[in-house]
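Structure, as structure tokens:
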Amino acid sequence: MTGSTNISVDREWAMTLKGLRMKVEDRWWDGYTGTTLRPGKIVNVDFNNDNAKFFILQLDDDEFTYEMRYDAGLKYADEEDENFYKFHLPEGLLEDPEGEEVVAPPQRRVRRREQTSNHRRTNRTILNNDLSADDTSTDDTSENPASSSDEESDAEQNDTIYTRTDPSEWKRIGGRSRARTIEPIPFTGDNTIFTVNISDDKLNNLKDSSGDIRFEKVFEWLLPTFGANDDVPFFEFIAARMRNYMLHIQRNKDFKPKYYDPPNGHTIQHNDVARFYGCHLARMLKGFPSIEETWSTRESLDAVGAVKESMPKDAYIDMYRCMHFSDDWDEEDGEVPWEGVYEDEKYEPSPLVERHRRKFEHIEDGFNRRWKKCVNFGRWITADESRVAGWYKSGITIGPEPKPIRTGATIHSICVTHGDLATFKLHCRVYGGKHDEGLNHRHHNTANTQKWVNLNDEMLEDFKGYGICMTMDSAYMGDIMGQIGREVWEMNFVGTCQSDRTGADVKEIMKSMKVGTYESEMFQHITKPLSYTMWPDNNIVKVLSNFHTPEILVAAEGVLRRVREQEQTQVSCPVQQKDYSETFHLIDKGNGKESKYDLGGQTKGHNWAPKLSMRYFNFGLGNAHTIYNTLANNHTPDRRKMKMPECVKILSHSLMQRGPPMRLQNPEHPNHSRNLANVFDYGTGRKIPTDAKGTVAQGSRGVVAVAATKQRMRELRNKQKKAPLRMHQSLACEKKEDVHGNTVQGCRKVSQRGSAHSIPSCAAKNAVHT
């Protein structure tokens, strides 16, 4: 069919768009500038209109009709309408097939970064194999360049469009209606349980001289490495970013470091960064006292002695100010060449990285690569989201419906489900809010934007094609996810699912179900491997699976539940419900273990990047303890193991003592007993001036900065006599008697030669003269 503008369009397809609901902004009409959405629908298609305005729009509150092009209809289509999934909306108009088979144009796709594709190939080559002696090196992928891999993946790509199923395609299982058997996709790995991927030589390096596995060595083994050859250690990478950023803010923001002096070669080193992280851990263990309290010389209950011994306060403040994880300020420096200003190589964000990940992309990708490289893949994983507390104003904090989050950031994670490595994090990604560029696009297997399909397509890149099972919750699971997971990614999915995300018509039956009866209802798709069950526990638990046959287990094979506040007994439940109940809670257990050691702190002087990067450091703590327990159980079962609190303390001390000492003088520690004679008299520590920041005058004895003891005054006088910078200053006046017995005041003064003599005051001169 050809219109008056000689534009070829498939008439049969175009007519199927009649009834498509729309929400059109006011500014679409000429002469209007508002953004109010006007509801309406496509009521007709006229192929004779000029300028390809084939589609006729009519608003719900307007009797007039308006001609619309397809690109505008695609933009304003109402994706929240319950019938939206029935319409096929490609990226462009379908051309007239002229007797040939109609083939839909490919959907819009976001090209993945080359490093992601390289990592996927690399990880598959080491699946279920020990790492080499130098386990930080990358595999040679020169025989499979990224370009050829992308071409092969495009050629083999399944472009089938998956939508929510129709209610007429489901049947209720029960009575004479028997279920059709669904077989899971077979697992092709060597071991169904995840195991540690470590060589014997590396394992021996994790032990001390007595044969005990050291937690701090396990932790550093799990830290990511950077650079083209993965030869840049974690702390050196962070030190280089801090050095670059310190120079940047010195040049552009008039920053003056207190401890470091880059122009004279005194810069942040990798051992300094290790000490910084150790001090941050120590402050966390003490409940994050303020920096002033941590280095206090007056209050022993606030001061953290190990931190004061590790580094000066000024060094910690300088590094805290310069926390940076990506060299992302190129546009601010203009035409200044990088090599002429900065000594360290530039490590800028990837060109296609999402906006919210620009500052911590390298940290996130580095940890994800390293975690997956340190284990051999098993059969079962679990996905869930967790929250990072924070009040920073950012798009990260605005989540999508039905779970909008207004405070804090959301991190989506995948962890190991079964075995000794249960709760081990495999992949984590920070969600960028409702405007996350990496998720706000149509997946090539969906008819509209499905954020969670895009998210899992990215996070599961290294797990596809092996028949791996994954448990998830209702935030991800639905008909579309189940179909794509099985038919495209070759994975088995099971998880809770809201009734509006599946085509099974269950609302009326769900209303008649009674909570706590454990009398299940089951539904199965007549052609696709999808089964949907409802189980009345404390609430109606709805579970969708793409690899379970709908079957109810007898009570002896079911799950434990407390019935009428009695002891736990086994109750009957569907098979897929049991698998979900026995697996999903483990990821919450892992998140709870790591949240006890949150390193985010209380600062509001930074953006989200330091807090989120510290959360990955938290994930590293949990993963290291899981690996530590596994190695200790398998290789040193007869030796004592440390629990998580002990491990964190040992790691903190190990980091705080890294490298040469940073202090030039011994730290001053407060007395552990306090003088209670006066309210504000600490009796120890350094004097605080009465006009110091934070002090409040409340009378002669109500000032925080109080006078020191007599012993302390004598010590200060002795120091003052010896201080070369104070030889020109006079000391305090002293009362004396002259030869006639009169009281005079004299000031002791130290001459430049060091001899002390008494100079009569004015009152003394007058007394003698009289």
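Here the side chain of Arg321 pairs no donor or acceptor atom with the backbone of Met246 at under 3.5 angstrom. In this structure, the side chain of Arg358 does not engage the main chain of Glu348 through any donor-acceptor pair within 3.5 Å. Formation of a donor-acceptor pair under 3.5 Å by the Tyr76 side chain with backbone atoms of Arg38 is not found in this model. Remark: the backbone N or O of Val353 is not paired with any side-chain donor or acceptor of Glu361 at under 3.5 angstrom. Side-chain atoms of Arg241 never come within 3.5 Å of backbone atoms of Asp327 as a donor-acceptor pair (strictly under, hydrogens ignored). In this structure, Glu364 contributes its side chain and Arg357 its backbone to no donor-acceptor pair below 3.5 Å. Under the 3.5 Å distance criterion, the side-chain polar atoms of Asp78 are left unmatched by any main-chain donor or acceptor of Arg21. Although no hydrogens or angles enter the test, the distance criterion places a donor-acceptor pair under 3.5 Å between the side chain of Asn197 and the main chain of Lys373. Side chain of Glu79 to backbone of Asn448: no donor-acceptor contact under 3.5 angstrom is found. Not a single donor-acceptor pair under 3.5 Å links the side chain of Asp457 to the backbone N or O of Val453.
Taking the centre of each ring, Phe234 and Phe237 stay at or above the 6.0 Å mark. In this structure, Phe463 has its ring center at least 6.0 angstrom away from the ring center of His427. Centroid-to-centroid, the aromatic rings of Tyr347 and His362 come within less than 6.0 Å.
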Self-check item: ring pair (Phe, Tyr, Trp, His ring centres under 6.0 Å) between Trp608 and Phe360, worked out
Solution: CA-CA 9 Å; Trp608 272 109; Phe360 59 89; 9.4 Å; no
Exercise. Would you sort out whether Ile363 and Ile238 count as a side chain to side chain contact (heavy atoms under 4.5 Å, CB included), showing the intermediate values?
Key: CA-CA 9 Å; Ile363 299 296; Ile238 301 297; 3.7 Å; yes
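Using cut-offs of 30° and 60° for the angle between ring planes, the Tyr70 and Trp13 rings count as perpendicular. Ring geometry, His280 versus Phe276: the interplanar angle falls under 30°, so the pair is classed parallel (tilted spans 30 to 60°). A parallel orientation is assigned to the rings of Tyr580 and Phe584, their planes being inclined by less than 30° (bins at 30° and 60°). Relative ring orientation between Trp452 and Tyr431 is described as tilted, the plane-to-plane angle lying within the 30° to 60° band. Using cut-offs of 30° and 60° for the angle between ring planes, the Phe617 and Phe219 rings count as perpendicular.
Side chains of His248 and Asn244: no donor on one and acceptor on the other come within 3.5 Å. Counting only N and O atoms by type, the side chains of Asn456 and Glu458 include no donor and acceptor under 3.5 Å apart. Inspection of the Thr496 and Asp473 side chains reveals no N or O donor paired with an N or O acceptor under 3.5 Å.
The residue from Leu460, Thr382, Thr417, Asn492 that alone fulfils the side chain to side chain contact (heavy atoms under 4.5 Å, CB included) condition with Met470 is Leu460.
Residues Trp28 and Ala72 approach most closely at NE1-CB, 3.7 Å, considering heavy atoms.
Listed by chain and residue number, Asn158 satisfy the side-chain hydrogen bond (donor to acceptor under 3.5 Å, both in side chains) test with Thr160 (two or more places apart in sequence, or in another chain).
In summary, Arg243 and Glu236 engage in a salt bridge, as defined by a charged side-chain N under 4.0 Å from a carboxylate O. Salt bridge status for Arg615 with Asp598: present, with a side-chain N to carboxylate O gap under 4.0 Å. Ion pairing between Asp81 and Lys23 fails under the 4.0 Å rule for side-chain N and carboxylate O. With respect to Glu354 and Arg429, a salt bridge is recorded, a charged nitrogen being found less than 4.0 Å from a carboxylate O.
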